[in-house]
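Side chains are part of it too, since the values below use all heavy atoms of this structure and drop only hydrogens, waters and symmetry mates. Lettering of chains follows the sequences in order, A, B, ..., and the numbering in each one begins at 1.
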Amino acid sequence: MSLFAIMVSTILVNNYVFARFLGICPFLGVSNKMETATGMGFAVTFVTTLASIITYIIQKSILDTLGLQYLQTIVFILVIASLVQFVELALKKISPGLYSAMGVFLPLITTNCMVLGVAILNIQEGFTLLQTTVNAVGASLGFFLALILIAALREKMDIADIPEALAGFPITLIAAGLMSIAFTGFAGLV
Amino acid sequence: MTNIINPVVVLGGLGLLFGVLLSIASKVFVVEVDPKIEEVLNALPGANCGACGYPGCAGCAAAIAQGKAPVTACTIGGQKVAENVADIMGVNAAQMDRNVAVVLCQGDCEKAKDKYVYQGLQDCRIQATLAGGQKECSYGCLGCGSCFDVCEFNAIRMINGIAVINKENCTACNKCVEICPKKIIEMVPYDSTAIVKCKSEDPGKLVRGYCSTGCIGCQICVKNCPTEAFSFENNLARINYDKCINCLVCVEKCPTNAIDNSAIVSEEFAREFAS
């Protein structure tokens, strides 16, 4: 697969939120406002890309050589959790502005299953390091896209006259489901 | 045997490696944190409501400790929290100025004329997009109650087509101020009783035409105020609450009663909040 095809595939066709249903928690949790959605989007892009590269190196150099593939999940979680902590520490020192902008979203990424999902799928697909990086960036951009789309919708829905029983999360889930259906329209693009 | 030792070594080793790396990182990237921030944070309510304008209590505590925000920055905490914070910061909070929100419009169904009948969704923000709202006065309260919906402290009622705020219940959380599309809700000191309840910057003749209680720009208040608390700009009288001594001369003299004595409440107001 060409790099461009991987990119388009992860952003639109196999969007991690709408097609693979990963990262649903932050997708619903921080999408009330455009501002927080953007902050989360940036934070996830950053961490997913870094985590994918590091987990790929660990998988190839340690797990595969020792035949310990069954430790994949726990090792990857270890890597992601430490990475998030490290990024938080470093960001606090190097760029306090960016740190306060991302705020509470940084530690939340530890529990974002999309980060783990991307890392594991990279290995399953048999990507090279370059393909892994492109796939990770594409995946996070796809997540970013899904997040700002639903945030924009929710800002509109806030002032719409929605039946009481559906107001809040129910209508958000319905909207998310419809968007997921809409994204199946991209199937066959790549 | 290697089947058992390998995973233990790999996982233990990686865990140790990351642990060491993180502890080194925390030394390298150490950021000096003012101990006062922590203390102030503990004194704050911890509701993370965001009413102070900072992202959560931690943001507010940092701003207070750095002197960027007053010790009274936490609006919902009130006097008690302000005193605790002031103790930590070593300043006096005795003169805590409590602010409350006030709707600067008295143009209810009888006093103000409509230019059309609005039958859309009951939300001021939507009504405001239709030719600026149903009132002829483009500055007045739209009466759909967006502020009422957003108030979490039971301080707002819609009475006869306009919003009124009970200052006893108001915690100055600023939510109504932010949501009002007409920007007619403002913060005023709790003790101030004379308030110019009109925001119309139209010329007096126009105002007279559409509202019986609007500021027509006669400047009687400006001339009669003993402390020169009034200023006049854009056809509208404004009061400087720092100079006002609550003598209420302006309230008596104002020909259209646009300046209101907020200490006197209507019967309907009392009934609404009693229930």
Side-chain angles (χ1 to χ4, degrees), chain A residues 30 32-33 35-36 39 51 54-55 57-59 61-97 99-107 110 155-164 167, chain B residues 2-34 37 48 50 54-63 66 68 119-129 142 144-146 149-150 175 178-181:
Chain A
V30 294
N32 324 343
K33 279 190 199 149
E35 199 186 333
T36 51
I54 294 177
T55 49
I57 294 168
I58 288 183
Q59 170 81 25
S61 61
I62 301 176
L63 299 187
D64 278 358
T65 44
L66 293 174
L68 294 172
Q69 283 87 350
Y70 64 92
L71 283 180
Q72 196 187 46
T73 313
I74 194 166
V75 169
F76 282 13
I77 290 175
L78 185 70
V79 170
I80 291 165
S82 325
L83 192 67
V84 171
Q85 284 295 319
F86 180 80
V87 168
E88 201 185 345
L89 283 170
L91 216 54
K92 205 172 181 177
K93 176 79 174 180
I94 296 164
S95 168
Y99 174 77
S100 58
M102 289 187 180
V104 73
F105 303 124
L106 261 183
T110 321
E155 279 189 353
K156 289 276 177 208
M157 285 194 290
D158 261 356
I159 51 172
D161 192 20
I162 295 167
E164 204 177 327
Chain B
T2 51
N3 282 347
I4 300 170
I5 292 173
N6 271 355
V8 170
V9 170
V10 168
L11 210 50
L14 280 175
L16 194 68
L17 177 71
F18 286 131
V20 170
L21 280 180
L22 277 182
S23 59
I24 293 172
S26 69
K27 286 284 175 218
V28 174
F29 296 117
V30 71
V31 180
E32 292 292 329
V33 180
D34 191 344
I37 295 179
N48 287 320
Y54 294 96
C57 290
C60 183
Q66 286 160 13
K68 284 183 195 159
Q119 290 180 319
L121 291 173
Q122 289 299 302
D123 192 299
C124 299
R125 291 168 293 178
I126 297 172
Q127 196 198 121
T129 61
L142 300 177
C144 277
S146 287
D149 293 337
V150 84
K175 283 200 172 144
E178 279 161 20
I179 205 159
C180 180

Does any heavy atom of chain A fall under 4.5 Å from the side chain of [X], the backbone, both, or neither of them?
X	result
B:Asn3	backbone
B:Ile126	side chain
B:Asn6	both
B:Leu121	side chain

Worked check of side chain to side chain contact (heavy atoms under 4.5 Å, CB included) between A:Gln69 and A:Gln59: CA-CA 8 Å; A:Gln69 283 87 350; A:Gln59 170 81 25; 3.8 Å; yes

Output yes when a side-chain donor or acceptor of B:Ser146 lies under 3.5 Å from a complementary backbone atom of B:Cys124, and no otherwise.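 Side chain of B:Ser146 to backbone of B:Cys124: a pair is present.
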
CD1 of A:Ile74: more than 12 outside heavy atoms within 6.0 angstrom?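 12 or below, so no.
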
Does the side chain of B:Phe18 reach to within under 4.5 Å of the side chain of A:Gln85, using non-hydrogen atoms?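 No; the side chains remain at least 4.5 Å from each other.
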
Does B:Leu142 reach the side chain of B:Pro181, with side-chain heavy atoms less than 4.5 Å apart?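 Yes, their side chains come closer than 4.5 Å.
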
So what's closer than 4.5 Å to chain B heavy atoms on [X]: side chain, backbone, both or neither?
X	result
A:Ile159	both
A:Leu83	neither
A:Leu89	both

Contacts of type side chain to side chain donor-acceptor pair (under 3.5 Å), residue B:Lys175, not counting sequence neighbours: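 Here the qualifying residues are B:Glu152.
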
